[in-house]
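First up is the structure itself, then whatever we jot down about it.
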2 protein chains.
Amino acid sequence: MKQYNLGIEATLEIIGGKWKALIICLLMSGVKRTSELQRNIHGISQKVLIQQLRELEKDGLVSRHVYQQMPPKVEYSLTEYGVTANKIVDVMCSWGKENIQMRQQRGEDIVLLEEMLPDH
Amino acid sequence: MKQYNLGIEATLEIIGGKWKALIICLLMSGVKRTSELQRNIHGISQKVLIQQLRELEKDGLVSRHVYQQMPPKVEYSLTEYGVTANKIVDVMCSWGKENIQMRQQRGEDIVLLEEMLPDH
DNA sequence: TAAGATGGTTACTTCAAAGTAAGTACTGGA
DNA sequence: TCCAGTACTTACTTTGAAGTAACCATCTTA
């Protein structure tokens, strides 16, 4: 029997890790192709991206649509359940934005490029 | 110059990782001693707990109060800024709770012990 | 004809985070 | 007198997540 002390432990198992919250964040703005995701997630390798997407699919947050054509085309989108995770991802985005602003006011040499991304 | 594409990246740097969100979650219910935290976070070692607390302190989320007595007594609490992270931790808790309930209804053999913890 | 883009898989390596175990210093209780 | 509890630190090991690089098949464009 699997035991959790706090709800947050289950959350961390599903969307914890280095990339998953970020992937969900990008999928929130709509359906995305593999290469589109990879271009927008700086530093992720194709292997890890696909691996994370498959895990999110297994957990029911993401659905994968393969088009039977050449060259291959695969699209990823959030499921109905995946969309419920926006509650988390939204606050993580806005809290992070405030954090960056605060650090900028303190004189740290950082920028948020958000506005320069496609789909914004 | 440090660059972020999305606010969430900064958030993940600060409260990402295996334990930090959980620690903040526990500190939300008030001041805690080291040993108290360790007892309530199943599986964490003392070394890692203290290391995570120091990092949270460095990032301004947690404050550390040392009592000059024997035996030693150290208390950790959220700073004013740390308290703002409850926006994140709260939704992670409730989303996780719903996730567990959903999986229970599907017949998975899991429990949430939350109610049995102290401070509840 | 050769490169580039598509969306993967596989095998291997690296590395940082976490785990383990021991030591420090002091007190109180059995 | 010796063990337990307090809050650490240090040194070393483990492990799993991520990185790297090569490969596959197909089509388009230069």
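Proteins get letters first, then strands, A, B, ... in listed order; numbering begins at 1 in each. As the structure is a prediction and not an experimental result, all values here were calculated from the model. Values reported hereafter were calculated over all heavy atoms of this structure, with side chains retained and with hydrogens, waters and symmetry mates removed.
Counting to the nearest Å, the C1' atom of D:dA18 and the CD1 atom of A:I23 are 13 Å from each other. In this structure, A:I41 places its CD1 atom 16 Å from C1' of D:dG19, rounding to the nearest Å. Atom CZ in B:R33 sits roughly 13 Å away from atom P in D:dG5 (whole-Å rounding). Rounded to whole Å, the distance from CG on A:L22 to P on D:dA18 is 12 Å. Rounded to whole angstrom, the span from the CG atom of B:L53 across to the C1' atom of D:dT6 amounts to 15 Å. Taking atom CD on B:Q68 and atom C1' on D:dT6, their separation rounds to 14 Å, with Å as the unit. To the nearest angstrom, P of D:dA7 lies 10 Å from CD of B:Q69. In this structure, the CD1 atom of B:I44 is 15 Å from the P atom of D:dA7, given to the nearest Å.
A:Q52 comes within contact range of the sugar-phosphate backbone alone, with a heavy-atom separation under 4.0 Å but no base atom that close. Residue contacts for A:S35: at a heavy-atom cut-off of 4.0 Å it reaches the sugar-phosphate backbone alone, with no base atom in range. Across all strands, A:Y67 comes closer than 4.0 Å to no nucleic acid atom at all (heavy-atom distances). Residue A:G43 is classed as a sugar-phosphate contact, given heavy-atom separations below 4.0 Å to backbone atoms only.
The side chain of B:R54 places no N or O atom within less than 4.0 Å of a non-bridging phosphate oxygen (OP1 or OP2) of D:dA7. Taking only side-chain nitrogens and oxygens, B:T34 comes nearer than 4.0 Å to OP1 or OP2 of D:dC8.
Toward the 5' end of DNA chain D, the nearer of the two residues B:P71 and B:K47, judged by each one's closest nucleotide, is B:P71.
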| message | Does A:K20 form a salt bridge (Lys or Arg N to Asp or Glu O under 4.0 Å) with A:E55? I'd like the steps, not just the answer. | response | CA-CA 9 Å; A:K20 284 180 184 169; A:E55 285 175 21; 2.6 Å; yes
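Read 5' to 3', the first and last nucleotides of DNA chain C with an atom closer than 4.0 Å to a heavy atom of chain A are C:dT6 to C:dA11.
Taking the side chain as every heavy atom from C-beta outward, B:L53 and B:R64 never approach each other to under 4.5 Å. Side chains of B:Q46 and B:Q38 form a contact here, defined as non-hydrogen atoms less than 4.5 Å apart.
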For residues 103-111 of chain A, tabulate all N or O donor-acceptor pairs below 3.5 Å that involve a side-chain atom, not counting sequence neighbours.
from   : atom 1 : to     : atom 2 : distance (Å)
A:R103 : NE     : A:E108 : OE1    : 3.3
A:R103 : NH1    : A:N99  : OD1    : 2.8
A:R103 : NH2    : B:Y4   : OH     : 3.1
A:Q104 : NE2    : A:I110 : O      : 3.0

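Formation of a donor-acceptor pair under 3.5 Å by the B:T79 side chain with backbone atoms of B:L61 is found in this model.
In this structure, B:K73 forms a cation-pi arrangement with B:Y67, its terminal cationic atom sitting closer than 6.0 Å to the ring centre and no more than 45° off the ring axis.
A salt bridge between B:E9 and A:K18 is absent, with no side-chain N of the basic residue lying under 4.0 Å from a carboxylate O of the acidic one.
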